[in-house]
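All chains are named by letter (A, B, ...) in the order of the sequence lines, taking the proteins before the strands, and each is independently numbered beginning at 1.
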2 protein chains.
Amino acid sequence: MEDQKIPQVTAKRLPLYYRYLEKLHAIGKKRVSSAQLSEALQIDPATIRRDFSYLGELGKKGYGYNVNYLLQFLRDFLRQDEVTNVVLVGVGNLGTALLRYNFYRSHNTKIVAGFDNDPAKIGTEVDGIPVLSMDRFKEVAELHNVEVVILTVPASVAQATADQIVEAGIRGILNFTPARLNVPPNVRIHHIDLTTELQTLIYFLKKFPVDEESETAREMDEAHKN
Amino acid sequence: MEDQKIPQVTAKRLPLYYRYLEKLHAIGKKRVSSAQLSEALQIDPATIRRDFSYLGELGKKGYGYNVNYLLQFLRDFLRQDEVTNVVLVGVGNLGTALLRYNFYRSHNTKIVAGFDNDPAKIGTEVDGIPVLSMDRFKEVAELHNVEVVILTVPASVAQATADQIVEAGIRGILNFTPARLNVPPNVRIHHIDLTTELQTLIYFLKKFPVDEESETAREMDEAHKN
DNA sequence: ATGAATTTGTGAAGAAGGTAACAGATTGCG
DNA sequence: CGCAATCTGTTACCTTCTTCACAAATTCAT
């Protein structure tokens, strides 16, 4: 394993770079500097250069980065040519919206099925994606080599569902429920907690009401920015 | 401003604590220790104690934390008794799902309206929330004292929409679009980038395939955990 | 060809966050 | 009551991430 040393935060930014480079490539731009990337992505240029430097010496002094080369490099690094199959569990409001979200077109991630326990939903399709009974989870997951689940069930059944999908061999969960899931250490969970995000945003606004004159307020705001 | 020193990460965890304390309160639990909270929320107990210590000396040695007291304290601190009005802009798949999500019941955050430019949607309701034309944005935002927007428009119009809502006096944006918005420094943006989250999760799984025997893999996994 | 302008990669410093470890306070058992 | 068990608050340290600042390489204009 060559690349163990890439910081977590850097790994999270790589898809961002990748996406923007695709855009640059599409409009025919040949070169780009860390300053330009910084402008577009609002990330400090030193941070950008540092991020790339973890992957190798990808730029050239006095020139910047070659868009095609960098794009290709990131494509390989992020394995953007492999399609990853995922499934979604919990076809409620949010689940349905995500089934329609079409991660696939742009990002080589394909939702092959949705799962739910509501008999009214089982057997239907959302945007061409079949909704199946949880009874068939393991079978379907194994058939499609699925290792990642998008979890959008109600909080009350989150843990039980997690147990079931982990038992079926799932290794990654994108958890939209507020529950903190208990899983074996080899299963990776990323949380997206919509309520908390909204609350935290509101918290900062309430605690630090901006007053146009105050330089302090602006600094603080900066310091706390995502 | 007394509480400028609360670390950003702590602020993000406070709603988590609050939510769990509500649960404990509901089942009649009177006291709780940082170890118990740690178990439930999967946050290191020292981190939890440190978080609370920013707010004051809320616990008692040899006893732990009084659930009612702590809950009340956090309620005040997080201003959970004030209702915050927000609006949602972009009533597509995701937007519709979020309108139905009902942040309100549990968290004193009320979506008072959705906005869109599609004539077919304008004038309809989603779960009792009216969908209005963007022409009326400023008027309605001012009427309801709205300072926060949930932004779920297509990426292509994200910046233009942001300009418009900022111009109308909005101070916080929960940005679900992949666009990195350019806004004045007094406007706070929190990003929720669904595609990137999924990609990052997949990246970690691909790069660090778990091999049951390898202690290193497990450590790394731990180190990279969200 | 020359020199000014650009721009990277990185060393060094600093900021932010996490956690081990423990003194001191309190509880609660016997 | 007395003593072991419990549990906080915090000090000290460690890790992770960010950013400044600059030498070195390259480009570009003239």
Side-chain angles (χ1 to χ4, degrees), chain A residues 3-14 16-17 21 24 29-67 69-70 73-74 200 204 216 219-226, chain B residues 3-14 16-17 21 24 29-67 69-70 73-74 200 204 216 219-226:
Chain A
D3 20 52
Q4 298 187 351
K5 317 77 169 273
I6 290 167
Q8 181 175 194
V9 278
T10 297
K12 289 191 177 181
R13 283 189 294 258
L14 293 181
L16 239 50
Y17 300 139
L21 286 165
L24 292 180
K29 214 154 177 324
K30 291 279 178 262
R31 59 183 273 195
V32 67
S33 68
S34 61
Q36 292 169 320
L37 289 171
S38 170
E39 170 88 39
L41 300 175
Q42 315 201 344
I43 298 169
D44 187 280
T47 300
I48 294 176
R49 293 199 300 278
R50 175 83 61 192
D51 281 346
F52 290 155
S53 80
Y54 291 118
L55 312 182
E57 305 209 353
L58 305 179
K60 213 193 282 185
K61 299 182 184 187
Y63 177 86
Y65 300 89
N66 178 296
V67 172
Y69 178 75
L70 188 53
F73 188 95
L74 285 177
T200 305
F204 280 118
T216 339
E219 278 160 22
M220 289 222 21
D221 208 59
E222 211 48 49
H224 278 121
K225 221 163 224 169
N226 193 340
Chain B
D3 21 52
Q4 297 188 351
K5 315 77 169 276
I6 290 167
Q8 182 173 191
V9 278
T10 297
K12 288 191 177 181
R13 283 190 292 259
L14 293 181
L16 240 48
Y17 299 139
L21 286 165
L24 291 180
K29 214 155 176 322
K30 290 279 179 263
R31 59 183 273 196
V32 67
S33 68
S34 60
Q36 292 169 320
L37 289 171
S38 169
E39 171 88 37
L41 301 175
Q42 314 201 344
I43 297 169
D44 187 280
T47 299
I48 294 176
R49 295 199 299 277
R50 168 89 54 199
D51 281 345
F52 290 156
S53 80
Y54 290 118
L55 312 182
E57 305 209 353
L58 305 179
K60 212 195 280 184
K61 301 182 183 187
Y63 177 88
Y65 300 90
N66 178 296
V67 172
Y69 177 77
L70 188 53
F73 188 95
L74 285 177
T200 305
F204 281 118
T216 339
E219 278 160 22
M220 289 223 20
D221 210 58
E222 211 46 50
H224 278 120
K225 219 162 229 170
N226 194 338

Phosphate OP1/OP2 of dA12(C) contacted by Arg50(A) side-chain N/O (<4.0 Å): no

Test side chain to side chain donor-acceptor pair (under 3.5 Å) applied to Thr47(B) - qualifying residues, sequence neighbours left out: none

Out of dG17(C), dG18(C), dG9(C), whichever nucleotide has its closest atom nearest the side chain of Pro7(B): dG17(C)

Taking only nitrogen or oxygen atoms into account, show me every contact under 3.5 Å that the protein makes with nucleotides 1-4 of chain C, one pair per line with its distance.
none

Spacing of Phe73(B) atom CZ relative to dT8(D) atom C1', expressed in whole Å: 16 Å

Set of side-chain contact (heavy atoms from CB on, under 4.5 Å) partners for Ala46(A), sequence neighbours left out: Asp44(A), Arg49(A)

Closest approach of Arg31(A) to Gln36(A) (non-hydrogen atoms, all atoms of both residues): O-OE1, 4.1 Å

Residue pair Leu55(B) / Thr10(B), side-chain heavy-atom distance below 4.5 Å: no

Neighbours of DNA chain D within residues 29-41 of chain B, by heavy-atom distance under 4.0 Å: Arg31(B), Ser33(B), Ser34(B)

Residues in salt bridge (Lys or Arg N to Asp or Glu O under 4.0 Å) contact with Arg50(A), at least two apart in sequence or another chain: none

Partner residues of Ala40(B) under the side-chain contact (heavy atoms from CB on, under 4.5 Å) criterion, sequence neighbours left out: Tyr20(B)

d(NZ, Lys60(A); C1', dT8(C)) in whole Å: 12 Å

Between the protein and nucleotides 21-23 of chain C, are there any N/O to N/O pairs under 3.5 Å, and if so, what are the atom names and distances?
unit_1  : atom_1 : unit_2   : atom_2 : d
dA21(C) : N6     : Arg49(B) : NH2    : 3.2

Spacing of Leu58(A) atom CG relative to dT10(C) atom P, expressed in whole Å: 10 Å

Minimum-distance nucleotide to Val9(A) side chain [options: dG9(D), dC17(D), dT19(D)]: dC17(D)

Partner set under ring pair (Phe, Tyr, Trp, His ring centres under 6.0 Å) for Tyr17(A), not counting sequence neighbours: Phe52(A)

Atom pair distance, as rounded to whole Å: OH in Tyr63(B) and P in dC29(C): 14 Å

Of the listed nucleotides dG9(D), dT10(C), dT18(D), the one nearest the side chain of Glu57(B): dG9(D)

Protein-nucleotide distance (Gln8(B), atom CD; dC17(D), atom C1'), rounded to Å: 13 Å

Short side-chain N/O contact from Thr47(B) to OP1 or OP2 of dG18(C), under 4.0 Å: no

Sequence-distant partners of Glu39(B), side-chain contact (heavy atoms from CB on, under 4.5 Å), two or more places apart: none

Of all pairs that satisfy side-chain hydrogen bond (donor to acceptor under 3.5 Å, both in side chains), the ones with a partner from residues 53-66 of chain A, not counting sequence neighbours: none

Between C1' of dG17(C) and NZ of Lys12(B), the distance in whole Å: 13 Å

Rounded distance in Å - OH (Tyr65(B)) to C1' (dA25(C)): 14 Å

Candidate list Ile48(B), Leu37(B), Ile43(B), test side chain to side chain contact (heavy atoms under 4.5 Å, CB included), partner Leu16(B), passing option: Ile43(B)

Sugar-phosphate only, base, or nothing, as touched by Phe52(A) at under 4.0 Å among non-hydrogen atoms: nothing

Whole-Å distance separating the CD1 atom of Ile48(A) from the P atom of dC20(D): 13 Å

Residues forming a salt bridge (Lys or Arg N to Asp or Glu O under 4.0 Å) with Arg13(A), sequence neighbours excluded: Asp51(A)

